[in-house]
Structures are given as C-alpha cells and as structure tokens.
Amino acid sequence: MSVAAGVSRVELARKAGQFPTGTFYRLGGAATLVGGAVLIWGLAGAHAPRTWWAYHANFVFWVAIAQAMVVLAATQKLARGHWSGLMIRFAEAGAAFTAAAPVLFLGLFLGRAHIFPWIHEPRPDLGWWLTSPAFFLRNGAILAGLAWLSWRFVRHDLAPDIQELANGRPPEPDAGAEATITREAAFVVLGYAVGYSLLGFDLIMSLAHKWVSNLFGAFYFMGSFLGALGATALLTLAVRRPMGIAELVSPKQLHDIGKLIFGFTVFWAYLMWSQFLVIWYGNLPEETHFVFYRLWGPWLPVGTAVFLMVFVIPFVGLLGVKPKKYAPTLAGFTLVSLAGIWLERYLEVVPSINHGAGPAIGVPELGVALFYFGLFLLGLAWFAGRYPMLSPRLAADTIEREGH
C-alpha cells in the first residue's frame, strides 16, 4: 500500500523497529551510574541537605515532563491532530518514566526531614492535609493513578500497530477501538490537570510557609507541558536519522511543533505575569515574600536567567517561520527553554528550604540531574525495546495528508 512517493506502509512498519535502543541504553546507563555515584556521595557526605534539595527539584521537573509527554499524545487524539503521526510514539514513550515516578517518590519520603519544612514546623491551620501520612499517601496515589491512566491510554493506542507488525498487514478500521482511545485520552488529560495541580500545591507551594497562589497548580503543569513539547521535538530530531525517517519528518511538521513551543512559551509568560501582577498589586506580606525572595538579592541572577531562558530567548528566536522549520535553530532554542524550565524548578524549590542561603549549583545539583536524565533515557530505551516507536497507521496518515 503506497502512502507517499517512495514510501510504503511495509517500509514504515520496518522503520518502527529501528529506534537506537542500544545507544539509549548505553548513554542512559552511563549517566545513571555517574549521577547515582554523585547522589550517594552527596547523601553520605557534608552535602546531604543540598543533595536532597536537588533530588526534589529534579523530581518535580522530570516526572512532570514525562507525564506531560503522554498528555501531549492524548491531546493529539482529542484534537484530531494529523500532523504528529511520526512523533506521537516518542511522546507516548514518556509513559515508561511515569511508571518509575512512584518509586522515585519514595526518595522524597526518605529525605522528608531535609525537604519539607512543615515536618519541623507543623501547620495546625491546615489540619491533617500537611501531615506525613496523608501527604505521602495522597501524592503517591496521584502518581500511581496517573501512571495507570497513561498506560491504559498508550496500550490501547499501541494495539493496532502491534497487530499490524505481527500480521504483516494493516488492521481493519475499528470505530469502537478509536472511541476507546479517545476516551482514555480524555481521562489522561483531565487526570493530569487535576493531579498535577495538587502535586504543584503539595510538592512546591507547601515548601514556602503560608504562601498561597490558586494559579500555581496551572502554572506548574502548563510549564511542564511546554517542557514536554520541547522534549518530544528534541527526541524526534535526535532519532530521525538513525530510524531512517529524516526525509519523512518534514519542515512542515517541525513548523507545527515549533508553533506549539512558541505558543506555550507565550502562555507561560502570561500565567507568570497574571500571578505576579496580583501579588504585586495586593502587596500583602504573606504573598510578596515568595516573589521578592526570588527576584531580589542573591537569587536575582537565577530569576533573571529563568525569565530569559524560558520566555525571552525562545520567543525572539522562534518568532519567524524559518527558525521553526530549520532543525538546528529549533533544537537550540528548545534546549534553552528546557534548561530554563529545569532552573525554574530549582528556583521554586530551593529558596523555600535552604534557610536563607543563596543559590548553589554545583556537583550535587548537576550530578542528581544527570542521574534523573539517565533514568529518563533508560525508560525510553525500555519502551523502545518492547513496542514499535513508529506507528505505521498514524505516520501513513500524516504523510498522505501532507501529499494533498
């Protein structure tokens, strides 16, 4: 069955198994070993508090990025997005890391005395909400529940492709199966919005004594969605040549994901400004201290860097059409954005728990980030070793529509 000039459905099915799994295993294993050694060194030595803070900041970054990648795939199902057929499986591969999230969450329980100030300064005004049993059971259940929803959705979307690769022929269209995929996608999106709002409140906002922002949950999960767009774009650019799909991932597709990155960059700035303006206008001490501490004094360079890296540089760099279509510029500005979101998580977490000290980004922080990055690569490799990393039916749909 021909889907484009020189490309057949059989060829697409063959390319589905050409993901560079071994390379990802090697890079991920090396990063995990080196980062894990730094993590153990930091916890066993004089840098235990800094290492736990870095563990927490990286947890709220990497876990949310992986979950939001699955959400990106789910939004394409709900919006009937046909442009993403060659990329969607890369986004769905984030499900592997969501399964590891509840295990990594146990690390927060082990380091709770170093991470959560309310352990030492109880908050009777909040009753049982900020007590260890309720806190860890609640958030552990959210992470486990979202991992379950993610795998339900991904498993249903994988089923037709697994059948095609096993039988050697495309399956017959099944309206019931498509309806099930759409329904599961809706559950994933709703679960993400609700679950990560609560995780943002509990894992980040609760670190700052008596600071409350109703908008912060949305700010957290939408910033992570921006990061997921960037991660999916970078993964596509990294593996398109090893998989033999470089000629199929067209400038139009890069332009489409580039437009999403640009749009959610602007939306991130809108949410940040909406939050900042109300706090500034109200000028209440219990609200202003969170912003003041991060935008003045020793944290000012970090706060400025976050604004430049997440908004200003990607906004200016991706404003035109050509930078979105040209792989090096798209990759470069996306890397800056992702690094800025990582720095933003550090800025949100550490000033609330480092007892008034300034920023310190050194071996413990970078080592723990490397550890998480390695686990993320291993999760992608594990997924790719078991499931097709290209959907022949969705890729064919994208290519056919681009040909008209």
Side-chain angles (χ1 to χ4, degrees), residues 60-81 83-84 87 91 94 185-186 188-201 204-205 213-234 253-281 290-291 294-295 303-321 323-324 329-345 347-348:
V60 296
F61 172 78
W62 289 101
V63 168
I65 292 289
Q67 182 62 66
M69 289 172 69
V70 182
V71 172
L72 169 59
T75 61
Q76 294 305 298
K77 299 297 179 181
L78 295 174
R80 299 290 190 267
W83 64 271
S84 59
M87 303 182 190
V188 169
V189 173
L190 290 173
Y192 176 70
V194 175
Y196 271 80
S197 290
L198 291 174
L199 288 172
F201 295 149
I204 300 176
M205 196 169 71
S213 169
N214 293 330
L215 185 60
F216 186 80
F219 185 63
Y220 174 52
F221 74 72
M222 292 311 301
S224 299
F225 187 77
L226 170 61
L229 286 166
T232 303
L234 289 174
Q253 295 166 41
L254 297 182
H255 186 220
D256 286 335
I257 197 166
K259 285 187 291 185
L260 282 172
I261 293 170
F262 178 83
F264 279 94
T265 295
V266 176
F267 190 58
W268 177 91
Y270 163 75
L271 290 177
M272 186 203 67
W273 176 249
S274 299
Q275 188 166 236
F276 175 83
L277 182 63
V278 173
I279 292 173
W280 173 81
Y281 188 80
F290 185 89
V291 176
R294 287 158 174 79
L295 296 182
T304 303
V306 168
F307 183 70
L308 291 174
M309 295 171 72
V310 183
F311 175 62
V312 176
I313 295 174
F315 177 83
V316 174
L318 296 176
L319 189 58
V321 173
K324 300 184 187 76
T329 52
L330 177 62
F333 290 117
T334 299
L335 275 171
V336 171
S337 177
L338 269 174
I341 294 170
W342 179 86
L343 197 62
E344 180 193 357
R345 298 293 175 251
L347 181 66
E348 289 166 344

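In this text, all values refer to a predicted model and were calculated from it rather than measured experimentally.
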Roughly how far, to the nearest 0.5 Å, is the [atom2] atom of [Y] from the [atom1] atom of [X]?
| X | Y | atom1 | atom2 | answer |
| --- | --- | --- | --- | --- |
| Leu343 | Glu348 | CG | CD | 10.0 Å |
| Gln76 | Trp83 | CD | CH2 | 5.0 Å |
| Ile341 | Leu347 | CD1 | CG | 13.5 Å |
| His255 | Phe262 | NE2 | CZ | 10.0 Å |
| Ile279 | Phe276 | CD1 | CZ | 8.5 Å |
| Leu254 | Lys259 | CG | NZ | 12.0 Å |

Should [X] and [Y] count as side-chain neighbours, where that means a heavy-atom distance under 4.5 Å?
| X | Y | result |
| --- | --- | --- |
| Phe225 | Leu229 | yes |
| Phe307 | Met272 | yes |
| Phe264 | Leu271 | no |
| Tyr196 | Leu199 | yes |
| Leu72 | Thr75 | yes |

- Query: Parallel under 30°, tilted from 30 to 60°, perpendicular over 60°: which one fits the rings of Phe216 and Phe219?
  - Reply: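 Ring orientation, 0 to 90° scale: tilted.
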Is there a donor-acceptor pair closer than 3.5 Å between any side-chain N or O of [X] and the backbone N or O of [Y]?
| X | Y | result |
| --- | --- | --- |
| Arg294 | Phe290 | yes |
| Thr232 | Ala228 | yes |
| Lys324 | Gly320 | yes |

- Item | Verdict with supporting geometry, Ser84 and Ile257, side-chain contact (heavy atoms from CB on, under 4.5 Å) | CA-CA 8 Å; Ser84 59; Ile257 197 166; over 6 Å; no
Between [X] and [Y], which heavy-atom pair has the shortest distance, and what is it?
| X | Y | value |
| --- | --- | --- |
| Ala339 | Met309 | CB-CE, 3.5 Å |
| Asn214 | Phe201 | O-CZ, 3.9 Å |
| Ser197 | Ala218 | OG-N, 4.2 Å |
| Ser213 | Gln275 | OG-OE1, 2.5 Å |
| Ser337 | Pro314 | CB-CG, 4.0 Å |
| Gly94 | Val70 | C-CG2, 3.9 Å |

- Query: Which is it for Ser224 and Tyr192 under the side-chain contact (heavy atoms from CB on, under 4.5 Å) test, yes or no, and what are the steps along the way?
  - Reply: CA-CA 11 Å; Ser224 299; Tyr192 176 70; 3.4 Å; yes
- Message: Between Glu344 and Trp268, do the side chains contain a donor N or O and an acceptor N or O under 3.5 Å apart?
- Response: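 Yes, side-chain donor-acceptor contact under 3.5 Å.
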- Message: Apply side-chain contact (heavy atoms from CB on, under 4.5 Å) to residues Val71 and Phe221 and explain how you reach the verdict.
- Response: CA-CA 11 Å; Val71 172; Phe221 74 72; over 6 Å; no
- Apply side-chain contact (heavy atoms from CB on, under 4.5 Å) to Leu318 and Ile261, showing your working. CA-CA 9 Å; Leu318 296 176; Ile261 293 170; 3.9 Å; yes
